[in-house]
Undergrad: 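First, the structure itself, so that you have it in front of you.
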Number of protein chains: 2
Amino acid sequence: MAPTQKPDGDKRGRPDSARTESARGRSSRPKPGPKDLLEGIRTSDRTALARGITLVESTLPDDREAASELVESCLPFSGNSIRIGVTGVPGAGKSTFIESLGGYLTGRGLKVAVLAVDPTSSLSKGSILGDKTRMNTLSRDERAFIRPSPAGTSLGGVTRKTRETISLCEAAGYEVILIETVGVGQSETAVHGMVDFFLLLKIAGAGDELQGIKRGIVEMADAIVINKADGANREAARRARSTFEQALHLYPPKPDGWRPEVLLCSSTEHTGIEAIWDLIDKFREKGRKTGAFQKKREQQYTAWFRQAVSEQLLSGFYEIPGVGPAYDELEQQVVARRTSPFRAAQQLLDQFGPKR
Amino acid sequence: MAPTQKPDGDKRGRPDSARTESARGRSSRPKPGPKDLLEGIRTSDRTALARGITLVESTLPDDREAASELVESCLPFSGNSIRIGVTGVPGAGKSTFIESLGGYLTGRGLKVAVLAVDPTSSLSKGSILGDKTRMNTLSRDERAFIRPSPAGTSLGGVTRKTRETISLCEAAGYEVILIETVGVGQSETAVHGMVDFFLLLKIAGAGDELQGIKRGIVEMADAIVINKADGANREAARRARSTFEQALHLYPPKPDGWRPEVLLCSSTEHTGIEAIWDLIDKFREKGRKTGAFQKKREQQYTAWFRQAVSEQLLSGFYEIPGVGPAYDELEQQVVARRTSPFRAAQQLLDQFGPKR
């Protein structure tokens, strides 16, 4: 069978977890066009923003052109936020932390958007941000905008939609974008590739903090925050901080010259949050001076472009008349081991691939 | 800049970690052709096998055709092994476990090949199988063949090469293929997609076993093995087993009807190894009866084919004369936010993409 799931996620329908915000954007009124949406987004109309994101997330072929137009028109107004990735295993308290940090920031007059990247959510019924009641206070905050993970069958699809959603939120004037992701595989790498600052949330354990941690994640982190540093947990959190500080010393400085720091916080008692924001601010200021901030942004755009080329090349290829049946035929030969996957692919591309 | 790293890893040169086996295969003798290599492989000549794998791993364009021919000629003799994926965080004792299990199997007269999938090894200087001295006994075993992770800049490249290497090892008569991977992101998913049986290795902690574990991994495991269940550790290992057994009960049965089990072992005292092999054997017998084994294999071949199409389509596209300069030009416009990545990709594909 030819792959019916295109790289950007062709599956119609949305799991429950993605309905909360988008339901609002899908009233019975006639669909507004990209021009109207842009206008609404530019005046910070949350309904327009939600509708715009729904359009971007749509997998209907008819919506593709309008979505592309909307993103295009938002781009000149985008880029003026700090994009912060927040990762951590389930149980680290990501939602509570985001609610605490988000509330602190809106209290300072900043507009905060919270997005999620969770390619597994369609499988596991929305583990993050699916249930918005988990961010009770923030979701009622006038200056905050919360959007669950887009429904996408593939990480690639989720990544592209999140990148576009960031642009829309920035065009709507959101100054801080918090992107939550759960530590189950590739999604951290994807989120790391689209944010300015990557924050790893941990809780103190029984001294074995480093055992369970994925080495790649520590290398990506710009800050490690030990959450739940309150009550009886305080001492363990302090010990965990030393452990991580020692571990971080083993790594060479990052390409941008930044030395990651380890901080403590309590999301429930709202302690340590200000210090975290100060650190992020310091990171931004330093990056602006050295040019590292701008350089990272440029890399994000080139990565986005590279991904767009791959996705469109692949999805366009499978739409060529005749590719489907030829693919199915060759796949049968591969499964029967009458030809190798490499050879079969060669044959398919000789027939239908781009000509030099 | 146009992406110079093709999806299948275009980087010349090999890190130290990949030199051990391949150095043997690169003597000053003239390069044997694919026909000679097949002949050697079919007579279980380890030098021929090592040279064949080196050919498959080569990124030189000149080697591509010969490599493809070799894989093609090995395919009819392949498929007759059980392919076992072994994953676990650094410190779980993967190498010692594989040495213990491998030694048990060769002791039973079986031929065992050990491969590794570690896309990070070029960065982190070969964390797994890089140092073959870690498998002292097994590496001197006549019935065992150990091969470190191929040097590849991308997971895709490593995955393809490992699939092809499996075929070569099977054509050489290896009956058990153990594929080690380290728990740092996407590699487990990739390995899970190419093996029959997926084994998660754990050690007992301080009761927080489930905290640090990635949910996706448990869902993939066909067995969870608590390693280092010896000496003072025995009691903690037993408790860990109950925890995992309870956790596994929360998952629905797997699509193939298999119920994962939790076992204890000590790789240093060689206890529990036989029970693990018995379980794998039971899994294989059951799968053969129900057809699940064959079905999984077929899915592996179709996934391999799909990956081959993507890789060749992408690498072929970037080789089209004119694509490079056009890509660079568009990328600059994207970075300057004069156009969106989506629109720029569209433009590139209108000009150079496959025509309907």
Side-chain angles (χ1 to χ4, degrees), chain A residues 1 3 68 71-72 75-76 78-79 89-91 120 124 183-186 188-189 205-208 211-216 298 301-302 304-314 316-317 319-321 327 330-331 334-335 337 339-346 348-349 352-356, chain B residues 3 68 71-72 75-76 78-79 89-91 120 124 163 183-186 188-189 205-208 211-216 298 301-302 304-314 316-317 319-321 327 330-331 334-335 337 339-346 348-349 352-356:
Chain A
M1 221 178 52
S68 171
V71 174
E72 185 104 1
L75 274 178
S78 73
V89 296
T120 66
S124 52
V184 287
Q186 311 138 277
E188 296 99 333
T189 316
D208 61 339
Q211 178 62 48
I213 207 166
K214 291 186 292 172
R215 192 176 35 179
E298 285 176 9
Y301 281 106
T302 60
W304 185 1
F305 177 46
R306 192 153 57 238
Q307 193 194 0
V309 172
S310 301
E311 281 180 10
Q312 290 184 32
L313 183 61
L314 282 168
F317 179 71
E319 280 165 11
I320 297 173
Y327 186 100
L330 285 164
E331 189 183 62
V334 165
V335 168
R337 275 184 282 143
T339 184
S340 74
F342 184 88
R343 201 65 91 186
Q346 229 168 21
L348 190 69
L349 289 164
F352 296 102
K355 302 287 170 272
R356 311 220 173 172
Chain B
S68 172
V71 173
E72 186 102 1
L75 274 179
S78 73
V89 296
T120 65
S124 53
R163 283 199 170 108
V184 287
Q186 311 138 279
E188 297 100 333
T189 315
D208 61 339
Q211 178 61 51
I213 208 166
K214 289 186 293 172
R215 193 176 37 180
E298 284 175 11
Y301 281 106
T302 60
W304 186 0
F305 177 46
R306 192 153 58 239
Q307 193 194 0
V309 172
S310 300
E311 280 181 9
Q312 290 184 31
L313 183 61
L314 282 169
F317 179 72
E319 281 166 10
I320 297 173
Y327 186 100
L330 285 164
E331 190 183 62
V334 166
V335 168
R337 276 184 283 145
T339 184
S340 75
F342 184 89
R343 202 63 92 185
Q346 230 170 19
L348 189 69
L349 289 163
F352 296 102
K355 301 286 169 276
R356 309 218 172 174

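All of these numbers come straight from a predicted model, not from anything done at the bench. Note on naming: letters A, B, ... go to the chains in the order of the sequence lines (proteins, then strands), and numbering restarts at 1 for each one.
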Undergrad: Could you pull out the closest heavy-atom pair between Leu75(A) and Thr339(B), with the gap in Å?
TA: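 For Leu75(A) and Thr339(B), the tightest heavy-atom pair comes out as CD1-O, 3.7 Å.
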
Undergrad: Which bit of Leu313(A) is near chain B, if near means a heavy-atom gap under 4.5 Å: side chain, backbone, both or neither?
TA: both

Undergrad: I want to check something: taking the side chain as every heavy atom from C-beta on, are Val334(A) and Thr302(B) in contact at a cut-off of under 4.5 Å?
TA: no

Undergrad: With sequence neighbours excluded, what pairs up with Phe305(B) under the ring pair (Phe, Tyr, Trp, His ring centres under 6.0 Å) test?
TA: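 With sequence neighbours excluded, Phe305(B) shows a ring pair (Phe, Tyr, Trp, His ring centres under 6.0 Å) to Tyr327(A), given in chain and number order.
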
Undergrad: Could you work out, with side chain to side chain contact (heavy atoms under 4.5 Å, CB included) as the rule, every residue matching Gln346(A), not counting sequence neighbours?
TA: Phe342(A), Arg343(A), Glu65(B), Gln312(B)

Undergrad: Contact part of Leu349(B) toward chain A, heavy-atom cut-off under 4.5 Å: side chain, backbone, both or neither?
TA: side chain

Undergrad: Taking C-beta and beyond as the side chain, do Ser78(A) and Arg337(B) meet within less than 4.5 Å on heavy atoms?
TA: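 Yes. Closest side-chain heavy atoms under 4.5 Å.
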
Undergrad: Identify which of Gly353(B), Ala308(B), Pro76(B) forms the greatest number of heavy-atom pairs closer than 4.5 Å to chain A.
TA: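 Between Gly353(B), Ala308(B), Pro76(B), the count favours Ala308(B).
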
